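Taking it in order: structure first as structure tokens, then the write-up.
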Protein chains: 2
Amino acid sequence: MTNITIKDIAQEANVSKTTVSRVLNDACNVDPETRKRIQGIIEKRNYSPSAVAKSLSRQESITIGVIVPDISNPFFGEALKGIIEVINNNNLAMILCNTDDDAEKDRKSLEMLKEHRVRGVIYTPAFDYSSKEDSAFFKKSLKKIVAPVVLLDRRIDFLRLDGVYFDDYQTAYDAVKKFIEAGHRKIAIINASDEKSLPRLRHQGYMQALLDAGIAPDERYHFLGDYLFKKTYEQAKIMLAMEDRPTAVLATNNTTSMGFLKALYERNEKIPDDISCIGFDKINIMDIIDIQFNYVERDAYIAGKTAMELLIKKIAFPNKSAESIFVNAPFIIKSI
Amino acid sequence: MTNITIKDIAQEANVSKTTVSRVLNDACNVDPETRKRIQGIIEKRNYSPSAVAKSLSRQESITIGVIVPDISNPFFGEALKGIIEVINNNNLAMILCNTDDDAEKDRKSLEMLKEHRVRGVIYTPAFDYSSKEDSAFFKKSLKKIVAPVVLLDRRIDFLRLDGVYFDDYQTAYDAVKKFIEAGHRKIAIINASDEKSLPRLRHQGYMQALLDAGIAPDERYHFLGDYLFKKTYEQAKIMLAMEDRPTAVLATNNTTSMGFLKALYERNEKIPDDISCIGFDKINIMDIIDIQFNYVERDAYIAGKTAMELLIKKIAFPNKSAESIFVNAPFIIKSI
DNA sequence: CTGAAAGCGCTTACAG
DNA sequence: CTGAAAGCGCTTACAG
């Protein structure tokens with residue numbers, strides 16, 4: 001029950017492997033009769049050529065590596081949908097890695113993709129590798145990958161890579177500005193640690209908007225989560241129990257919004273009556289059941305699709321200089 | 001900027017490729033000194049062996065193929081998380097395909113996985129291929145795959161394959177029973193077409209529960225969606241506008257629940273006050289904002305993990321007879 | 001239009 | 001403990 005090979009087909013057709021190969025690859029220089037005969041045999045024997053052997057001999061695989069931190073987060077689910085669509089249209093295959101935002105899994109994934117000699121990589125790094133040791137270590141891992149890399153959603157500052165992002169600084173800035181315009185002064189942010197560039201940008205945007213409005217940022221209103229449910233929920237609980245608590249909250253991703261909402265509803269409080277909120281990312285059901293949930297609609301599908309298209313371009317033109325594409329992310333404001 | 005090969009390492013270390021290969025594969029019969037020296041060179045040169053070449057020479061790849069119908073549905077997001085965890089633990093890689101429930105993409109995915117000579121496949125078929133032509137066609141596609149296949153969530157009746165499922169018949173039966181016990185008599189189901197085995201089982205369970213309670217099933221309460229948002233929303237709109245409309249609704253997946261809820265809320269009606277509902281699958285935010293949404297908690301993460309573990313077992317023991325594993329799915333009832 | 005031969009980068013009996 | 005050689009299943013100049 002072993003696989004049929006090109007040799008079997010060649011023998012049965014009384015031709016050389018070269019000729020069969022030509023038929024497989026739609027080369028023009030094959031006698032039409034012969035071609036038809038060979039195709040018949042391929043069909044009859046249910047033969048499909050080995051992508052593995054093809055990759056080896058061509059010195060070029062047809063797989064794209066994709067690394068995401070959390071495949072069960074709908075944001076990445078949507079992104080993957082965009083990515084896979086472009087992959088299919090280009091007759092490529094996707095090798096998927098999930099890192100759980102863990103540096104070790106991140107490294108392993110990079111290594112694995114390297115071993116698979118992927119044609120290119122779409123990469124949402126678990127880290128931004130901004131510390132010296134990290135960056136040296138990371139550069140080494142990444143250097144191994146000969147193929148082009150397109151970053152998705154998260155930057156790596158010290159490398160000039162292609163990437164598709166949302167404007168995190170500006171979005172946070174604009175969100176806070178909206179709060180201020182609506183009369184809020186005590187504005188909190190539930191964010192991840194500033195050590196990574198994505199939360200850092202969001203924090204900076206938040207700060208600047210306050211400063212520009214002449215409001216002194218209150219460090220007590222700066223909450224450190226990790227973009228995961230458990231910790232952001234706990235931070236939100238602390239926040240909501242404060243004596244002098246904020247009147248508006250910027251939740252910096254979908255999971256953070258959920259953590260916040262859980263803490264809020266547990267106190268029998270509601271948005272927007274008891275506190276104002278703007279979240280990054282939509283939460284599907286919210287619009288449907290008309291909870292007044294304000295959010296920034298970051299279209300991950302478009303981002304993923306754009307990233308993959310950029311990668312295709314980069315594969316075609318490896319010397320193309322690195323570019324960063326920013327995807328527009330409109331605010332959906334119900335009641336602030 | 002080409003890849004370093006085993007030959008380069010061998011030359012630099014003044015040994016044969018065989019010896020380097022032994023070091024790479026942790027074979028015991030290598031002089032410790034030599035081993036250390038070779039490892040040093042591998043490290044220094046940043047060499048990583050080609051999985052492609054390895055697969056070809058070993059006649060055995062280290063990739064697992066996974067086919068899902070909708071990667072952006074959290075159900076499959078969770079399932080993939082379970083699958084990928086087991087894949088990582090076994091040092092395998094995942095090739096992911098998304099079919100959008102389209103038969104042609106389904107076929108293409110199978111073909112692609114075959115070409116990649118995957119070690120095994122986790123498969124949620126777009127079809128159940130119950131018609132004669134379909135099944136012949138499908139058997140041919142599937143026969144090409146020499147590797148073991150484990151079905152996930154959706155059965156294919158005419159083939160004895162391993163699989164991990166939820167008990168769709170029983171769940172639908174129990175849900176309807178709960179409605180009846182709560183006093184409902186006019187009970188609707190929003191389901192997909194009976195042509196596929198999964199919705200068929202659900203419909204059968206629904207029917208039987210009614211019959212067992214002495215209630216004559218009312219065909220007007222049987223709504224045909226497709227497990228996607230748009231159509232189920234439209235079906236729900238029709239249902240809610242009926243003269244003699246049902247008092248309870250069984251929504252047969254998460255997206256169907258959303259379609260139903262949208263139609264309901266658009267009428268300024270609510271669950272459970274205006275109509276009762278039980279949905280298949282949780283919708284994350286619902287518990288948090290304490291909407292009284294009843295559901296069957298199908299743990300896709302566990303299902304995915306179980307399926308992948310079964311596949312590992314099948315890869316290890318190819319002659320193992322096919323087994324079906326059913327994952328328990330408890331009801332979460334808030335108010336019926 | 002066709003084929004023999006070398007090569008892609010590994011592994012694996014086999015011999016020493 | 002080590003290596004030469006054949007082989008995995010394709011592709012690709014090259015020659016005819």
Side-chain angles (χ1 to χ4, degrees), chain A residues 1-39 41-42 45-63 93 112 114-119 144 146, chain B residues 1-39 41-42 45-63 93 112 114-119 144 146:
Chain A
M1 181 67 175
T2 175
N3 284 307
I4 300 167
T5 72
I6 197 173
K7 199 173 147 197
D8 301 320
I9 303 297
Q11 281 176 348
E12 191 163 337
N14 260 313
V15 294
S16 71
K17 292 185 292 175
T18 309
T19 302
V20 179
S21 176
R22 289 199 180 100
V23 171
L24 288 173
N25 295 291
D26 288 321
C28 53
N29 47 353
V30 182
D31 182 278
E33 289 296 301
T34 317
R35 155 165 289 139
K36 201 156 288 175
R37 187 159 48 86
I38 295 177
Q39 279 168 337
I41 295 173
I42 288 174
R45 300 292 305 274
N46 237 326
Y47 166 69
S48 47
S50 159
V52 175
K54 199 187 293 188
S55 295
L56 184 60
S57 67
R58 286 203 183 152
Q59 288 286 81
E60 166 178 291
S61 85
I62 54 166
T63 51
M112 194 264 274
K114 161 69 174 180
E115 290 182 0
H116 280 267
R117 302 294 188 260
V118 291
R119 201 72 174 284
K144 283 198 181 187
V146 180
Chain B
M1 182 67 176
T2 175
N3 284 307
I4 300 167
T5 72
I6 198 173
K7 198 171 148 199
D8 301 320
I9 304 297
Q11 281 176 347
E12 190 164 338
N14 259 313
V15 294
S16 71
K17 293 184 292 175
T18 310
T19 302
V20 178
S21 176
R22 290 199 180 100
V23 171
L24 288 173
N25 294 291
D26 288 320
C28 54
N29 48 352
V30 181
D31 181 278
E33 289 295 302
T34 317
R35 156 165 288 141
K36 200 155 289 173
R37 188 159 48 87
I38 295 176
Q39 279 168 338
I41 295 172
I42 288 174
R45 300 292 306 273
N46 238 326
Y47 167 69
S48 47
S50 159
V52 175
K54 200 187 292 188
S55 295
L56 183 61
S57 66
R58 286 203 182 150
Q59 287 286 82
E60 165 178 290
S61 85
I62 55 167
T63 50
M112 195 263 276
K114 160 69 174 182
E115 289 181 1
H116 279 267
R117 303 294 189 257
V118 292
R119 200 71 175 285
K144 282 198 179 187
V146 180

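Below, chains carry the letters A, B, ... as their sequence lines are ordered, and counting in each starts from 1. The structure displayed is predicted, hence computed values, not measured ones.
- For the salt bridge (Lys or Arg N to Asp or Glu O under 4.0 Å) condition, no pair includes a residue of residues 24-33 of chain A, sequence neighbours left out.
- Taking atom NZ on Lys54(B) and atom C1' on dC10(D), their separation rounds to 20 Å, with Å as the unit.
- Rounded to whole angstrom, the span from the NE2 atom of His116(B) across to the P atom of dG9(D) amounts to 17 Å.
- Contacts classified as salt bridge (Lys or Arg N to Asp or Glu O under 4.0 Å) and involving residues 48-60 of chain A (residues at least two apart or in different chains) are given here: Glu60(A)-Arg119(A).
- Remark on DNA chain C: of its neighbouring residues Ile4(B) and Val15(A), the 5'-side contact belongs to Val15(A), judged by nearest-heavy-atom nucleotide.
- Separating the CG atom of Asn25(B) from the P atom of dC1(D) is a distance of 17 Å, rounded to the nearest angstrom.
- When the side chain to side chain contact (heavy atoms under 4.5 Å, CB included) test is applied to Thr19(B), the partners found at least two apart in sequence or on another chain are Val15(B), Ser16(B), Arg22(B), Val30(B), Thr34(B), Ile38(B).
- Evaluation of the salt bridge (Lys or Arg N to Asp or Glu O under 4.0 Å) rule for Arg45(A) yields Glu12(A) as partners, not counting sequence neighbours.
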**Item:** Full working for side-chain contact (heavy atoms from CB on, under 4.5 Å) between Val146(A) and Lys114(A)
**Value:** CA-CA 8 Å; Val146(A) 180; Lys114(A) 161 69 174 180; 3.7 Å; yes
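- For DNA chain C, the stems formed by at least three consecutive Watson-Crick or G-U pairs, with both atom-pair distances below 3.5 Å, span C:1-3 with D:14-16, C:5-12 with D:5-12, C:14-16 with D:1-3.
- Tyr47(B) is not listed as a side-chain neighbour of Asn3(B), based on a closest heavy-atom distance of 4.5 Å or more.
- Distances shown here put every side-chain N or O of Asn29(B) at or beyond 4.0 Å from the OP1 or OP2 atom of dT2(D).
- As rounded to whole Å, 9 Å separates atom P of dC1(C) from atom CZ of Arg35(A).
- Under the side-chain hydrogen bond (donor to acceptor under 3.5 Å, both in side chains) criterion, Thr18(B) pairs with no residue at all, not counting sequence neighbours.
- In this structure, CD1 of Ile62(B) is placed 13 Å from P of dC10(C), rounded to the nearest angstrom.
- Note on Tyr47(A): a side-chain N or O is less than 4.0 Å away from OP1 or OP2 of dC10(D).
- Contact between the side-chain N/O atoms of Thr19(A) and the OP1/OP2 oxygens of dG3(C) is found at a separation under 4.0 Å.
- Projected onto DNA chain C by closest heavy-atom contact, Thr34(A) and Arg117(A) fall at different nucleotides, the more 5' of which corresponds to Thr34(A).
- When the side-chain hydrogen bond (donor to acceptor under 3.5 Å, both in side chains) test is applied to Glu115(B), no partner is found at least two apart in sequence or on another chain.
- For the salt bridge (Lys or Arg N to Asp or Glu O under 4.0 Å) test, no residue two or more places apart in sequence or in another chain qualifies with Arg37(A).
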Every protein N/O within reach of nucleotides 4-8 of chain C N/O, cut-off under 3.5 Å:
{"residue": "dA4(C)", "atom": "N6", "partner": "Thr18(A)", "partner atom": "OG1", "Å": "2.7"}
{"residue": "dC8(C)", "atom": "O3'", "partner": "Gln59(A)", "partner atom": "OE1", "Å": "2.9"}
{"residue": "dC8(C)", "atom": "O3'", "partner": "Gln59(A)", "partner atom": "NE2", "Å": "2.9"}
{"residue": "dC8(C)", "atom": "O2", "partner": "Ser57(A)", "partner atom": "N", "Å": "3.3"}

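- Ser55(A) comes within 4.0 angstrom of no nucleic acid atom, judged by non-hydrogen atoms across all strands.
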